[in-house]
Amino acid sequence: ARSVLDAVGARPDVYFLKRSRAVMWAGWSMMLVLMDVMASLLERSLGFDLLINLSDADLSLRVDGEIRAFFSRFPGRSVMSIVQRKRDPRRYQMHERFRQYCWIECDEGKAFVISKRDYSTRPEA
């Protein structure tokens with residue numbers, strides 16, 4: 001199998017980050033990579049209209065024209081995916097379960113410390 005670099009490395013519109021990171025879903029490491037991307041864009045003085053953080057699931061479902069058409073409806077605005085109880089009850093319930101725990105990423109993105117939230121007591125500051 002060809003590597004990603006072999007497949008698209010020669011394209012003038014494809015860039016690779018210098019630093020690789022271990023990334024965990026919903027962890028701080030995801031934000032660090034996004035900040036690396038923003039720093040790289042600014043460092044290279046690349047002109048861009050949008051910075052879109054898509055997952056692999058998003059990419060397989062939409063083509064470039066669909067993505068551009070969607071974001072063209074919101075010029076100059078940030079767009080976030082919000083899970084609504086009525087529109088997607090199964091996903092909302094899954095996210096609700098996640099919120100019952102305190103997730104702390106550690107070991108440079110290789111692990112989480114997870115503890116059950118206890119709303120009956122307030123932690124000491």
Student: Going by atom type alone, with no hydrogens or angles, which donor-acceptor pairs under 3.5 Å involve a side-chain atom of residues 9-17 and a protein atom two or more places apart or on another chain?
Tutor:
{"unit_1": "Arg11", "atom_1": "NE", "unit_2": "Asp13", "atom_2": "OD1", "d": "2.9"}
{"unit_1": "Arg11", "atom_1": "NH2", "unit_2": "Asp13", "atom_2": "OD1", "d": "3.2"}
{"unit_1": "Arg11", "atom_1": "NH2", "unit_2": "Asp13", "atom_2": "OD2", "d": "2.7"}
{"unit_1": "Tyr15", "atom_1": "OH", "unit_2": "Pro12", "atom_2": "O", "d": "3.3"}

Student: Check for me, please, whether Phe48 and Met38 land in the same ILVMFWY cluster - side-chain distances under 4.5 Å, paths through other members count.
Tutor: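 Yes, one cluster joins them.
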Student: Does any N or O in the side chain of Glu66 come within less than 3.5 Å of the main-chain N or O of Val63, such that one atom is a donor and the other an acceptor?
Tutor: yes
Student: Going by the rule salt bridge (charged side-chain N to carboxylate O under 4.0 Å, His left out), which residues pair with Glu43 if we only count those two or more places apart in sequence or in a different chain?
Tutor: Lys18
Student: The criterion is salt bridge (charged side-chain N to carboxylate O under 4.0 Å, His left out); which residues satisfy it with Asp64, sequence neighbours excluded?
Tutor: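 Salt bridge (charged side-chain N to carboxylate O under 4.0 Å, His left out) check on Asp64 returns Arg68.
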Student: If you compare all heavy atoms of Ala22 against all heavy atoms of Ser29, which two are closest, and at what distance to 0.1 Å?
Tutor: O-CB, 3.4 Å
Student: Tell me, please, which residues at least two apart from Arg44 pass salt bridge (charged side-chain N to carboxylate O under 4.0 Å, His left out).
Tutor: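 Partners of Arg44 by the salt bridge (charged side-chain N to carboxylate O under 4.0 Å, His left out) criterion come out as none, since no residue qualifies.
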Student: Backbone N or O of Ala69 within a donor-acceptor pair of the Ser72 side chain at under 3.5 Å?
Tutor: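 Yes, the answer is positive, given that a donor and an acceptor are paired below the 3.5 Å cut-off.
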Student: Could you list the residues that satisfy side chain to side chain donor-acceptor pair (under 3.5 Å) with Asp36, not counting sequence neighbours?
Tutor: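 Asp36 satisfies side chain to side chain donor-acceptor pair (under 3.5 Å) with Arg21 once adjacent residues are dropped.
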Student: Determine whether more than 12 heavy atoms belonging to other residues, nucleotides or ligands lie under 6.0 Å from atom CZ of Arg73.
Tutor: yes
Student: Just to verify, what does Phe71 make a ring pair (Phe, Tyr, Trp, His ring centres under 6.0 Å) with, not counting sequence neighbours?
Tutor: none
Student: Indicate if Leu46 and Val33 have the same hydrophobic cluster label, given that clusters are the connected sets of ILVMFWY residues with side-chain heavy-atom separations under 4.5 angstrom.
Tutor: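 Same hydrophobic cluster.
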Student: Quick one: list whatever passes ring pair (Phe, Tyr, Trp, His ring centres under 6.0 Å) with Phe74, sequence neighbours left out.
Tutor: Phe70
